[in-house]
Structure formats: C-alpha cells, structure tokens
Amino acid sequence: MMKDTVAIATCGLTKQFSSHVAVQDIDLEIGAGEVYGLIGPNGAGKTTLIRMLATAEEPTLGEIYINGDRLQRDRKHRTIKRYLGYLPDDYPLYDDLTVWDYLDYFARLYKLRGPDKRRRIQEVLELVQLTHKRDSPIAALSRGMKQRLGLARTIIHQPLVLLLDEPVSGLDPVARAQFRDIVTALKEAGMTILISSHVLSDLEEMCTSIGIMELGYLVESAPLSELYRRLSRQHIHLSLIHSDMHSQLATLLDNHPLVQQWTCLKQERKGDRHPHAQPDRSTNAPAALPAQVDTLSANSSSTAATPTQNSSSPITTYGAIPYQIEFSGTDQDCAELLRSLIHQDIPILDFHPTHETLEEIFFKIGHQQSS
Amino acid sequence: MLTSLLDTIGDWNPQLLRELKGHLKPIKLGLAIALALLIQLVFLMIVWGQLPGQIEPGYLYVTTYPKIEMDYGNTGPLSISHLEYNYPLEKHPNYDISASGLEQYAHKVRVGDRILAIDGQPLEWDETAEDNFRSKRQVVETALEQPFAEEIRQLRVLPMAEQAARTLRQQVPGTMVDLTLSREGWNEPIEVTIPRIVTSTRTNFHCLPLENWQTEIQGVNRRYSPCSATVGSQQYAIDWFQWHRDAFWGLSITMLFPLLILGTYVLINNLLKEERDGTLNFIRLSPQSAREILLGKMLGVPALIYLAVAIALPLHLFHGISAGLGWGVMAAFYGATGAIAFLTFSMALLLGMVNMSLGMVQAWLGGGAVFLIQLLCLQASRHASSSDGSALSWTLMFSPFSTLRGVGEQPFVDGYRAGESLFQWFGIPMVSLVVLILLLANTVLFSRWVWHALGRRFFNPTSTLLPKAQSYGLTLMVNVAAVGFSWPAWLKPAEKMHHLELEPDYSAHMPSSHWVENHLLFLLLINLSLWVIMIVALSPQRQSLHDWARYRHLLPAAATSSGHRSRTKFPRRSFWAELIWGEKSPIVVAIALNLLIGGVCVFLWVTYQAFLSVGDWSMFAMSIVVALQHSDSLSLLTLAFIVLLSTTNILLICTTIVQLIFLKREKHALPTALLVLLVLLLGIPITLGLTSTQPGAYPAVWFVLFPWASTSEPFTFAGAGILGLLSQWAILGLLNWWLFRWLEKIGASESKGVLTGTKALLTD
C-alpha cells in the first residue's frame with residue numbers, strides 16, 4: 001500500500017549502547033523521491049539512525065521498512081539491498097585498487113555484467129567528474145575526489161534510497177558545490193535521498209524535507225516549505241533612493257495589515273504598526289548617521305558565509321536608505337505590496353523578499369548540544 | 001586473453017577478482033615467484049647434500065669375512081669375541097656373494113675360537129710389555145693385512161689415496177686368509193680359510209645395501225648398514241626410490257606448513273583490516289551471499305601463497321611419482337591437502353570475524369595455532385599405529401599425511417607396513433581410500449558448522465557464532481564421532497577378556513586397562529575443548545546481554561517476517577525457554593545442557609566398557625549390584641559418575657565467571673575470559689602442587705577444585721565427595737544468583753533511566 005509513496009519508514013526504532021540510548025523510539029517516514037535532510041547536534045543519533053537504515057547496525061527494538069519491505073539484519077534479502085546505497089562519513093576506500101577497478105568491483109558485487117556494467121561505470125564517473133582519473137590509483141586521489149568516488153560507489157547500482165552520512169564534512173567550497181550538483185542530479189533521477197549534514201545552507205538548497213534530531217529523538221520532521229511556513233519569519237529588504245518619501249513609506253507600512261514590524265537600518269528608527277511612530281524624526285536622521293546596522297542584521301551576518309545569505313543581505317549603496325520589513329504574507333502579498341509602493345511613487349531602489357534560513361530556524365528552536 | 005579470463009573470474013566471483021587485482025601486483029608477483037624458486041633451490045641443495053656421493057678412500061678398509069673381533073685382554077692365545085657379517089663394498093667377480101659364495105664362510109670361525117697362526121705365521125708378542133693390548137692388536141692386524149699393508153697405509157695419505165683405493169678394490173677380492181685355530185672340544189688345531197673383502201664404514205640413509213645380500217640385513221634400520229657400490233664405480237649405489245620418498249615428504253612439509261600458517265595469517269589479517277576500516281560494511285550491504293564473498297577471499301587473499309605452492313608442485317609431483325607413489329595416491333594426497341586447507345582457512349575466516357580487539361596479535365595467534373595443530377597431526381600421522389590404540393587418532397583426520405599412511409607410507413622410517421590399518425572408527429579399518437573418504441567426510445562436517453557460523457557472523461557481527469539450539473546437536477555429533485575412535489569393536493571376543501583386564505584394586509567390575517584410561521582421557525579432553533569452543537561460540541556480547549535484560553519482554557521469540565508495520569505482540573518465551581533457546585540470553589543453562597549431553601555420552605561409553613569386561617548383560621547387572629552393595633568403597637562406576645558430575649560443576653562455575661566477565665567488560669572480553677579460564681583450570685592445581693598439598697590432607701578442597709586427582713584416594717572419597725559436591729553447588733548457586741541479580745538491575749535501572757530521561761524532556 002505504501003510501496004509507491006513511502007521509501008523509508010521506521011517504527012519504534014530504538015538503539016541502545018550499554019546504558020546510553022542513542023536512538024529513541026523513532027517513527028520516520030520519507031516519501032519516494034524526497035531529499036530528506038537530517039540535522040541535529042553531534043551525538044544526537046543521526047549516524048546511528050542512518051547506520052541502522054543501512055543495516056550496518058542492528059536495532060535494539062523497532063522495525064525498518066525500505067520500499068515497504070521489512071528489513072532484518074540477519075536475513076540476506078537481496079532485493080532490499082539493491083534498493084540501498086550507503087555512504088558513511090569516512091567513506092573508506094581500497095587504496096590498492098584503481099578508480100575503475102574499484103567501481104568495477106562494486107558493479108560486479110551488484111550483479112552488473114558485461115557492457116551494462118561498463119556503461120554504468122562510465123555514467124557514474126561522468127556524474128562525479130572523475131572520468132579523467134579512471135586509471136589512477138585511489139591512494140593518489142584528493143579528499144574531494146575520494147568523497148566523490150565514494151558517492152559513485154554508492155550509486156553504481158542505481159539504488160532507490162541513498163543514505164549519505166555527513167557527505168560534505170571536510171570538503172572545500174568548490175567540492176561542496178560539486179557535490180550539491182551531483183545530489184541535485186540524483187534527485188532529478190528520482191532517487192530518495194536521506195542526507196545528514198551540519199552545513200544547513202547546503203541542505204536548504206537540496207532538501208525537500210527536514211528532520212531534526214535531539215538526544216536520540218526525532219523532534220521535528222516536515223517538508224521544508226511547511227517548516228518555513230511554521231517557523232520562519234519572512235523579511236523584505238527595501239531601499240529608497242533618498243529619504244524624502246520616508247514619511248509616506250512609514251504611513252503605508254504602518255497601515256499595511258501584513259507588516260508586523262519595520263525598521264529603517266540607516267538609523268535607530270524603529271516603526272511598528274502603532275500610531276505613536278514618529279515619522280518626522282526619520283526625515284533628518286539619515287544623513288547624520290551613515291551606514292549603521294542594527295542588532296538584527298548583525299545577527300544575520302553570522303551566516304553570511306553561505307551564498308543564500310550573501311544575496312539577501314541589505315544593500316548598502318551609498319546614499320540609499322535601507323529598510324527591513326517583517327512580513328507575514330505570501331509571495332502574492334509581497335507583489336501586492338510592491339505594486340502599492342510603486343503606485344505611490346515611492347522611489348524604490350531595491351525590493352527583496354527573504355525568509356529566515358534553516359540555520360536560524362534551527363537556533364530558534366533552541367536546541368542545545370547534547371554532548 | 002588474460003582480460004577475458006579475469007572477466008570470467010569476476011563474473012563468477014567478484015570478490016575473487018578484487019583480491020587478485022589487489023594482490024597480484026607485478027612486484028609482489030616477482031617476489032613470490034623468486035622466493036618460491038629460491039626455496040626450491042635451497043631444498044634441492046639440502047636433499048642433494050644428503051646423498052652419500054663419491055666413494056671416499058678414508059672410509060674404506062680391508063677386513064675378512066666374517067670380520068673377527070678379538071678379546072685382547074686375555075693372556076695366552078687370542079680368542080674370538082665377536083663376529084661381524086658386513087658385506088663387501090661391491091659385488092666383485094672374484095667372489096660370489098650368493099649363499100653358496102661368501103655365505104659358506106660365515107660359520108667357518110666361531111666365537112671362542114683361539115687363533116694360533118695367521119697365514120702360517122704364529123702370533124707372537126711380549127706378554128710382559130706394559131702396553132701389550134695395543135701390541136697384540138697390531139700383530140693381528142698386520143698379519144691379516146700383510147699383503148696389502150702398503151696400500152692400506154696409503155689410504156690415509158691424500159695424494160695416493162685414490163690410487164690405493166682403486167688397487168685395493170681390484171686386488172683384495174679373491175684373496176684368502178689362512179687361520180690356524182684351536183677350538184674347544186677339538187684336540188688338534190684346525191686350519192680355516194676365509195676371504196678378505198674391502199668394505200666401507202660409510203653409512204647413509206639413501207645408500208643401497210649390496211644387491212641380493214641374503215643375510216639379516218633386511219629389516220634392520222638401514223641408517224646403520226654400510227654403503228655399497230657397483231663394480232669399479234666411483235659412486236656409492238644410491239637408493240633413489242628411498243631418496244625420492246624422503247624428498248617427497250620433506251617437500252610436502254615444506255609446502256604444507258607455510259601454506260596453512262601464512263594463509264591463515266593473511267586471511268585473519270585481511271578480515272580484521274576490512275572490519276577496522278569499515279569497508280566490510282559495503283560488501284555486507286551488497287546482494288552477495290556470505291558464501292560468495294568469503295569464498296572469494298579464501299581463494300584470492302592468499303593468492304601469492306597459492307602461486308608459490310603451485311610453482312613447487314611439479315618438483316613435488318616428480319618426487320612423489322619417482323618414489324613410486326602412483327598417480328592415485330598423489331591425487332588423494334592433493335585432494336586431502338585441499339580439503340584440510342579449506343577447513344583451516346574457513347576457521348581462519350571465522351577467527352577473523354571474531355574481533356577480540358587484539359589487532360595483529362590475533363592473526364599471529366591464528367597462525368601459531370595452525371602450526372601447533374599441524375605439528376601434532378604430523379607427529380600423529382608419522383607414529384600412529386593401530387596397535388597402540390592412539391587416543392589422538394582423530395587428529396589424523398586433520399592431516400593430509402594420513403592418506404599416505406593409509407597406503408602404508410611412513411615418513412623417515414625404514415621399511416613398509418603396507419596394508420596395516422592406522423586406526424579404526426566404529427570398527428571400520430582405516431586403509432587406503434577409506435582414510436581419504438573419512439577425512440573428506442570429517443572436513444565436510446566441520447566445514448558445514450564453520451560456514452554456518454560464518455554466514456551468521458558475516459551479516460551480523462554482534463550475533464553469536466552458533467544459536468544455542470544448534471549447539472546441542474553439535475555436542476552430540478562430536479561425542480558420537482569421538483566415541484567411534486574409542487570403539488574396541490576391532491578386538492576379537494577372545495582378546496577382549498585378555499585386553500580389558502580387571503583392575504585388582506577395585507572390587508567393581510570395571511576395566512581400567514591402559515587402553516580404556518587412554519581413551520577416557522581422550523573423550524574428556526574432547527569434551528573440555530568442546531566446552532571452551534561453546535563458550536566462545538555461544539557467549540552473547542555485552543550489548544546483547546544488556547538488551548536482553550532490558551527488552552526481553554519486547555523482543556520477539558522468533559524472528560517473524562511479517563510485512564506489516566505494527567508493534568505486534570510476538571509470542572513470548574518463558575524465562576527458562578529463553579535461557580535454553582534464546583540467542584541473547586546468558587549461557588550458563590545452555591552450557592550446562594551441553595555438558596550434560598557430553599557427560600551422558602561419556603558415561604554410556606564407560607558403562608559399555610564395563611560391560612565388555614564382563615561380556616554378558618546379566619552378569620554385568622549383577623556385578624553392579626554387588627559393587628553398589630560393597631560398603632568399603634564406591635564402585636569405580638559410581639566414582640566415575642561422581643567425578644564427572646563434580647567436573648561438570650567446576651566447568652559450570654567457570655562458565656558463570658566467564659558470563660560475569662562478559663557482562664562487565666566491553667573490550668577484550670573474550671581474551672580476558674579465556675585468560676581467566678586458563679588461570680582457573682591450570683593455575684589452581686599448579687598452586688596446590690607447588691605448596692605440596694596432598695589430596696589426602698584436604699580431600700574436600702581437592703575435590704572441589706580438582707576432582708580427577710581425588711580418584712586415587714577411594715577410601716576418603718565418599719565423605720569428601722559429598723561435601724565437595726555440596727560446596728560446589730553452593731558456589732554455583734551464589735554466582736548465578738549474583739549474575740541474575742545484576743542482569744535484573746541492568747534491566748530495571750535502564751528503564752528508570754529512560755523514564756527519567758523522558759520526564760526531563762517533557763518538563764523542558
């Protein structure tokens with residue numbers, strides 16, 4: 001019944017290491033074709049959960065279903081094994097083989113034979129951009145290449161479910177970007193991917209759903225869009241060419257039903273929807289204090305390393321007056337707001353809706369390191 | 001060509017191809033081939049060096065036939081003290097060595113005859129001289145060697161030795177010595193003529209004795225018989241047949257030991273490395289079966305060793321065929337070697353799967369164990385014979401050399417015992433093909449269990465090697481097989497009574513001859529080893545014990561393959577059923593059952609031996625009644641029963657201690673447990689021995705710790721026995737009470753821990 005829709009399901013999955021409960025009673029459901037990001041502090045049980053799904057660890061209690069079939073460790077269940085591809089965080093390889101021989105070995109292990117096998121190896125080599133290294137010994141590869149080779153090994157048999165445990169840890173930005181492209185390609189090929197990572201911005205780009213683990217519990221598991229809707233505040237970054245129309249803008253924002261709060265970032269000029277906001281103070285202030293950034297934007301600069309964040313940071317063009325608006329409407333409402341601003345001849349230099357990042361949500365939920 | 005071959009191999013077994021690619025690198029290949037050739041060269045040089053080679057003049061001497069030894073210590077005429085019948089170096093045309101030839105002179109002189117003259121010259125010397133012993137000897141030797149004195153002297157002078165030797169070998173044969181003797185009972189001196197011969201003092205295992213020599217030489221160890229040569233030859237005649245046999249055995253050992261030891265080492269090493277690196281997980285995750293993967297490893301990882309052995313095969317085959325072993329025997333030997341290697345490597349794989357966190361030491365331990373076992377088996381197959389009823393007959397089933405013994409080949413021992421049975425198994429004599437068949441059957445049987453354990457362990461490294469349910473079957477099987485080796489069916493009924501004498505010291509009707517004691521010890525040893533194996537094979541890991549203690553009520557009794565996602569309530573087993581059949585439960589009860597099965601088998605065997613000594617069931621029953629009514633002492637049968645019982649108790653106490661260790665330690669649990677066992681089973685008796693405590697002094701203490709030593713004190717035994725048994729049970733009970741209290745505490749405290757953890761989260 002769930003065969004078509006649910007790729008991974010667990011039921012009461014528990015793993016205990018002597019007196020320590022690593023994974024506690026997890027009921028997980030991942031739909032087919034999803035890219036599911038698993039986040040959580042170190043020691044939250046992510047790796048243990050993935051290892052159990054990959055049959056590398058035996059659950060203390062509970063059941064695992066891959067594509068609707070029950071997974072049991074001491075069984076051979078060759079069919080389920082063909083569904084699974086698992087890449088652990090240390091992606092161990094064989095240093096005594098060449099790249100081609102390594103992939104050839106695993107292709108054969110997965111019963112690929114003859115021209116099919118050769119074609120498939122070539123395909124994955126192209127996908128992970130290692131074609132030029134096919135005859136190199138593995139020992140001579142860089143860390144990023146080794147990681148990509150590990151991924152190639154994981155997908156050589158076209159698994160339906162891909163389990164990636166912190167695949168980008170220790171990789172440079174270029175290697176990470178390459179990796180994101182590969183995952184995107186795999187997602188388009190229809191694979192269900194479970195990926196755990198500490199690089200939340202990567203997950204934000206790749207994932208359709210997110211699960212948050214904490215002290216062995218799965219405390220949150222939802223589609224990314226729902227997570228944003230529930231937990232993320234939307235912001236609009238807006239700049240005026242000059243401060244002349246400040247009072248009009250202030251009035252408009254104060255009266256807009258979907259604007260929760262707004263701030264002029266050029267000076268301490270906080271406005272809210274209440275009538276006691278003082279628009280006259282904003283007229284003379286901008287010129288006096290150049291380029292001041294309030295506490296909110298200082299907060300968001302902590303994640304400025306990620307590309308997403310770079311593009312959403314307030315524009316500080318010389319002379320422009322930046323505003324940040326907390327907005328609770330949909331994209332439609334955003335467009336409506338922009339239209340009304342232009343309609344009132346407010347000289348807008350920049351209009352940029354953005355929402356809180358996954359990282360901000362993660363911190364907002366308030367989870368602490370368990371270790 | 002090579003590519004397509006590799007491709008075919010890869011299609012058949014991907015793991016094998018991977019190992020071949022990993023191990024058959026050009027440098028390694030070159031080294032292996034060079035080493036194999038070098039070893040063969042050295043081997044050939046050694047066996048070549050063992051040949052007698054050229055006839056060295058220094059070893060030659062001239063004597064008479066028979067050689068006369070005198071008693072030089074006597075005064076008066078010299079008497080003959082000893083006669084030696086050494087054959088001449090060569091079959092010279094000047095004399096005939098047949099029965100009518102040289103043999104006719106064998107009895108012309110006798111021990112006790114006194115020599116008066118040689119070649120008509122009376123023997124004279126100065127009786128008063130201080131050193132007359134030597135002068136007498138000189139006089140006699142000079143007289144005997146007189147015509148060739150110069151050549152004999154030259155034999156010791158290097159430049160002329162060769163020429164002198166040649167002259168002697170040409171001229172001495174056919175010359176005679178005239179002796180004038182006085183013989184007891186004869187009044188007149190008698191004249192006797194005996195021939196001179198040239199012979200050699202050189203002895204060599206590979207020398208051929210003189211052809212057609214009809215004396216008692218045959219059957220004597222050839223190591224001590226002189227070398228011979230063909231007429232005029234500068235070389236000793238070599239027994240090539242014997243030489244090839246020895247070379248064959250030597251090469252067999254040279255090949256077999258490194259094959260098994262190094263193969264075991266590399267396999268364990270390889271598996272441990274893959275497990276440590278985490279690469280084994282990927283293989284586990286592939287749809288290949290454990291059998292395919294492990295077979296690939298077994299064939300591929302020691303590939304270089306196989307190659308080196310294969311390079312030596314032609315030489316081996318050449319020696320074997322030249323030694324007259326025949327193609328059939330060689331095929332049987334290779335078949336047996338393959339089977340033994342398969343079994344050894346299977347066990348090596350299993351040892352590689354049992355991660356004792358000892359690192360490389362584990363691989364060396366494995367290799368060392370194989371060396372010791374094979375050494376024992378080699379010794380057994382060299383010396384075993386049915387007449388001594390060797391209690392270690394079973395070891396022959398683990399050595400390919402037993403197939404050679406089966407056809408009468410015995411290494412480095414002179415003479416043949418063709419057709420003689422090595423031993424019997426349930427009365428089946430072990431000759432020729434039967435040995436091979438039984439060896440293969442033995443291999444198949446053991447491999448089946450080993451591979452069963454391998455299959456379990458491969459997919460789940462935390463599972464036990466054997467499920468408890470199967471251990472009972474294995475114990476029964478091993479015991480039945482062991483009893484087969486201790487089956488006196490080969491004795492004829494008349495011999496039975498003779499063979500199994502009644503022990504006069506005991507009133508019981510119990511045979512306690514050497515044979516029975518020997519085999520009883522063997523059966524007990526087998527059961528002791530089985531006990532250690534069972535502890536290793538059945539002990540659940542610490543985590544499993546914790547899980548069992550904590551979640552026993554939630555775990556399914558049998559793994560059900562329901563496809564429904566639901567927390568089904570599985571049928572639960574009772575506490576006792578769980579202890580007997582459950583895979584994660586403590587082992588004490590299961591070990592007790594295994595010991596019971598073994599004990600019953602041994603006890604039935606002892607009873608049967610007792611019956612055989614009487615020969616009739618009704619008499620046997622009566623004798624037991626008589627023995628039991630005997631008030632002075634217990635019958636040996638009862639004694640055996642009680643000793644068996646108390647030994648079982650000791651083993652159970654040790655088992656409980658092992659279980660406690662497994663519960664306490666995560667790392668090094670198995671090595672620690674085995675070390676503790678060693679200390680308990682050997683240390684205490686040794687300590688008691690060192691402090692020279694006698695069993696008589698503290699019979700109860702001795703009985704508790706070391707029951708088999710108490711059997712020599714039957715009269716103090718009854719009281720001590722009962723006291724001992726009671727205290728053993730008390731210790732056993734106490735330890736188990738502790739064990740299960742502990743387990744209960746683990747289960748309880750963890751549910752508490754989980755509950756408090758949940759509460760803490762909820763309150764957050």
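Predicted, not measured: the structure shown is a model, and the values here were computed from it.
Considering all non-hydrogen atoms of both residues, Gly22(B) and Leu97(A) come closest at N-CD2, 4.1 Å. Heavy-atom minimum distance, Leu285(B) versus Thr55(A): CD1-OG1, 3.2 Å. In plain terms, the two heavy atoms of Tyr94(A) and Ile283(B) that are nearest each other are OH-CD1, 3.3 Å.
Only the side chain of Glu292(B) comes within less than 4.5 Å of a heavy atom of chain A; its backbone N, CA, C and O stay farther away. When heavy atoms are compared at a cutoff of 4.5 Å, Thr279(B) approaches chain A by way of both its backbone and its side chain. Asp104(A) touches chain B through its side chain: at least one heavy atom from C-beta onward sits under 4.5 Å away, while N, CA, C and O do not. Using a 4.5 Å cut-off between heavy atoms, Phe282(B) touches chain A through backbone and side chain atoms alike. The contact between Leu17(B) and chain A is made entirely by side chain atoms (from C-beta outward), counting heavy-atom distances below 4.5 Å. With a threshold of 4.5 angstrom between heavy atoms, Leu112(A) does not approach chain B through any atom at all. Both the backbone and the side chain of Asp7(B) come within contact range of chain A, with heavy atoms under 4.5 Å apart. With a 4.5 Å cut-off on non-hydrogen atoms, Leu545(B) does not touch chain A at all. With a threshold of 4.5 angstrom between heavy atoms, Arg542(B) approaches chain A through side-chain atoms but not through N, CA, C or O.
Between Arg108(A) and Gln15(B), every side-chain heavy-atom pair lies at or beyond the 4.5 Å cut-off. When side chains are defined from C-beta on, Thr98(A) does not count as touching Lys21(B), because their heavy atoms never get closer than 4.5 Å.
The local environment of CZ in Arg291(B) is sparse, with at most 12 non-hydrogen atoms from other residues, nucleotides or ligands closer than 6.0 Å. By the 6.0 Å contact criterion, CG on Leu5(B) is enclosed, its count of non-hydrogen atoms from other residues, nucleotides or ligands being greater than 12. Counting non-hydrogen atoms of neighbouring residues, nucleotides and ligands closer than 6.0 angstrom, the NZ atom of Lys273(B) reaches no more than 12 such neighbours.
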Before giving the answer on side-chain contact (heavy atoms from CB on, under 4.5 Å), spell out for His546(B) and Thr60(A) the whole-Å C-alpha distance, their side-chain angles and the decisive distance to 0.1 Å.
CA-CA 10 Å; His546(B) 275 242; Thr60(A) 308; over 6 Å; no

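Between the CZ atom of Arg18(B) and the CZ atom of Phe106(A) there is a distance of 8.5 Å, given to the nearest 0.5 Å. Atom CG of Asp277(B) sits about 9.0 Å away from atom CG of Asp90(A), to the nearest 0.5 Å. Distance CD/Gln16(A) to CZ/Arg550(B): 6.5 Å, rounded to 0.5 Å. Summarising the geometry, atom CZ belonging to Arg284(B) is positioned 11.5 Å from atom OH belonging to Tyr86(A); distances are rounded to the nearest 0.5 Å.
Chosen from Gly296(B), Gly10(B), Ser544(B), Gly455(B), the residue pairing most often with chain A at heavy-atom distances under 4.5 Å is Gly10(B). Of all the listed residues (His157(A), Lys111(A), Arg82(A)), the one sharing the greatest number of non-hydrogen pairs under 4.5 Å with chain B is Lys111(A).
Taking 4.0 Å as the cut-off between side-chain N and carboxylate O, Lys28(B) and Asp96(A) do not count as a salt-bridged pair.
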